[in-house]
Amino acid sequence: MSSSGRTAGEATAAWLRAGRFAGLSDAARQAAEDRLGGIRDRVLAGAQIAAGAHVVDLGAGTGLLTAGALSLVGPAGMVTAVDLSAEALSQIDRPADGGMVRRLVADATRLSLADRCVDAIVARSVLIYIDDLPAALGEVARVLRPAGRFSAFEPVNARRRHDAELDGLSAMELIAIDQATTGATPAARTMTAFDERRTAALARHVGLTVEAVVMDTVRDTFTDAAAVEAHLHCRGHPGGPTAIETITKNLGGDVAHRYREAWMRAIGRQGTITYSTPVMYVTASSAAQ
Ligand SMILES: C[S@@+](CC[C@H](N)C(=O)[O-])C[C@H]1O[C@@H](n2cnc3c(N)ncnc32)[C@H](O)[C@@H]1O
């Protein structure tokens with residue numbers, strides 16, 4: 001079934017399971033999974049999760065952070081996995097030695113959780129999708145217990161850049177392609193409006209103490225035509241269009257064809273093409289009393 005024939009929740013679950021890795025070689029997929037594991041561990045470390053704690057995984061998806069948090073809280077603890085997608089949440093596994101998992105279908109901007117009931121909140125690649133970021137961060141501040149911790153990882157897609165030298169397209173065409181792909185969907189527009197300064201300012205505004213905003217760079221390197229092809233046909237976010245679909249729809253099949261050809265010539269000439277994405281790790285805490 002095409003992604004347009006699915007509910008948004010099913011598309012999210014399918015993208016998290018396989019869509020984001022579509023077309024990758026086994027080695028590239030393993031590298032992507034290893035990288036996710038590293039991000040998971042760093043976000044969980046930032047939350048300083050103690051045995052017996054109650055943790056919320058905001059925008060949990062299929063439970064990358066939930067699984068790690070369940071091990072950290074142990075049998076006496078609990079993780080509430082919150083997501084818009086019931087289908088994604090239904091795929092979360094509970095480790096045998098882990099705490100209790102509660103799956104909560106909810107919008108991060110309106111959590112059906114009591115005030116001050118949670119020790120830590122973690123998130124990975126979720127805030128970038130949320131239009132009303134002040135409301136979501138307000139909910140984080142509301143449900144955290146005194147001295148509770150918030151730890152998140154988010155990519156700053158507005159400053160994502162590649163080093164492919166694309167020939168055969170005019171400067172105007174390249175600008176139009178850039179505009180079409182960054183504004184392809186409301187989700188893509190929200191994502192490219194996201195940045196670390198506004199996020200930290202909003203966190204302070206809702207009463208959190210921002211302890212650290214640490215920037216890093218994630219690099220995706222393509223070394224052959226198959227990797228470039230996979231990139232041009234991958235869906236950047238759940239249910240979203242591929243770059244080729246967006247360009248075909250907005251600028252026509254001829255431009256899309258020449259864009260693909262330009263990427264193929266670039267990989268042939270350069271041997272490697274690298275995308276660099278600035279990413280933020282933010283840690284914050286609620287007031288001690
Ligand atoms: C890129 S996925 C990340 C999933 C998971 N955190 C992980 O690390 O694999 C983004 C998730 O955020 C969820 N999401 C987006 N907007 C949301 C909102 N307003 N409230 C709750 N979840 C949301 C999506 O349904 C999706 O599962």
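We count ligands from 1, going down the list as the structure has it; atoms in each ligand are counted the same way. The first residue in the sequence is number 1, and the count goes up from there.
Minimum interatomic distance between Arg159 and Glu196 (heavy atoms only, all atoms of both residues): NH2-OE2, 2.9 Å. Closest of all the heavy-atom pairs between Leu133 and Thr199 is CD2-OG1, 3.9 Å.
At the shortest separation from atom 15 (C) of ligand 1 among protein heavy atoms lies Tyr129 CB, 3.9 Å. Nearest protein heavy-atom neighbour of atom 24 (C) of ligand 1: Asp83 OD1, 3.5 Å. Protein heavy atom nearest atom 8 (O) of ligand 1, with residue, atom name and distance: Arg124 NE, 2.5 Å.
For the pair Asp167 and Arg265, the salt-bridge criterion is met [side-chain N within less than 4.0 Å of a carboxylate O]. A salt bridge links Arg35 and Asp220; the closest N-O separation between the charged side-chain nitrogens and carboxylate oxygens is under 4.0 Å. Of the charged side-chain nitrogens involved, at least one lies within less than 4.0 Å of a carboxylate oxygen, so that Glu139 and Arg142 count as a salt-bridged pair. Taking a cutoff of 4.0 Å between a charged side-chain nitrogen and a carboxylate oxygen, Lys249 and Glu245 do not qualify as a salt bridge.
The parts of Asp107 lying near ligand 1 are both backbone and side chain, judged by heavy-atom distances below 4.0 Å. With a 4.0 Å cut-off on non-hydrogen atoms, Ala136 does not touch ligand 1 at all. Counting heavy atoms under 4.0 Å from ligand 1, residue Ala88 does not touch it at all. Of all the heavy atoms of Ile130, the ones lying under 4.0 Å from any atom of ligand 1 belong exclusively to the side chain.
Using a distance-only test at 3.5 Å, with no hydrogens or angles considered, a donor-acceptor pair links the side chain of Arg258 to the main chain of Gly168. With hydrogens and angles disregarded, a donor-acceptor distance shorter than 3.5 Å links the side chain of Ser286 to the backbone of Gly148.
Nearest-residue assignment for atom 5 (C) of ligand 1 (options Ala187, Ala135, Pro155, Ala60; heavy-atom criterion): Ala60. Comparing Val105, Leu127, Val126, Val122 by heavy-atom distance to atom 12 (O) of ligand 1, the nearest is Val126. The residue from Leu89, Leu84, Ile128, Thr66 that puts a heavy atom closest to atom 23 (C) of ligand 1 is Leu84.
For ligand 1, the polar-atom distance check finds an N/O of Gly59 within less than 3.5 Å of one of the ligand's N/O atoms. Between Ala108 and ligand 1, an N or O atom pair is found at a separation short of 3.5 Å. Considering backbone and side-chain atoms together, Ser85 places no N or O closer than 3.5 Å to any N or O of ligand 1.
Taking every heavy atom of Ala106 and a limit of under 4.0 angstrom, the matching atoms of ligand 1 come to 20 (N), 21 (C). Proximity to Ser125 (heavy-atom distance under 4.0 Å) selects the following atoms of ligand 1: 1 (C), 2 (S), 3 (C), 10 (C). For ligand 1, the atoms sitting less than 4.0 Å from at least one non-hydrogen atom of Leu64 are 7 (C), 8 (O), 9 (O), numbered in the order shown with element in parentheses.
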Decide side chain to side chain donor-acceptor pair (under 3.5 Å) for Thr274 and His162; before the verdict, give the C-alpha distance in whole Å, the side-chain angles of both, and the deciding distance to 0.1 Å.
CA-CA 6 Å; Thr274 300; His162 64 71; over 6 Å; no
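Cation-pi check for Arg161 over Tyr275 is not met; the charged atom does not lie both under 6.0 angstrom from the ring centroid and within 45 degrees of its normal.
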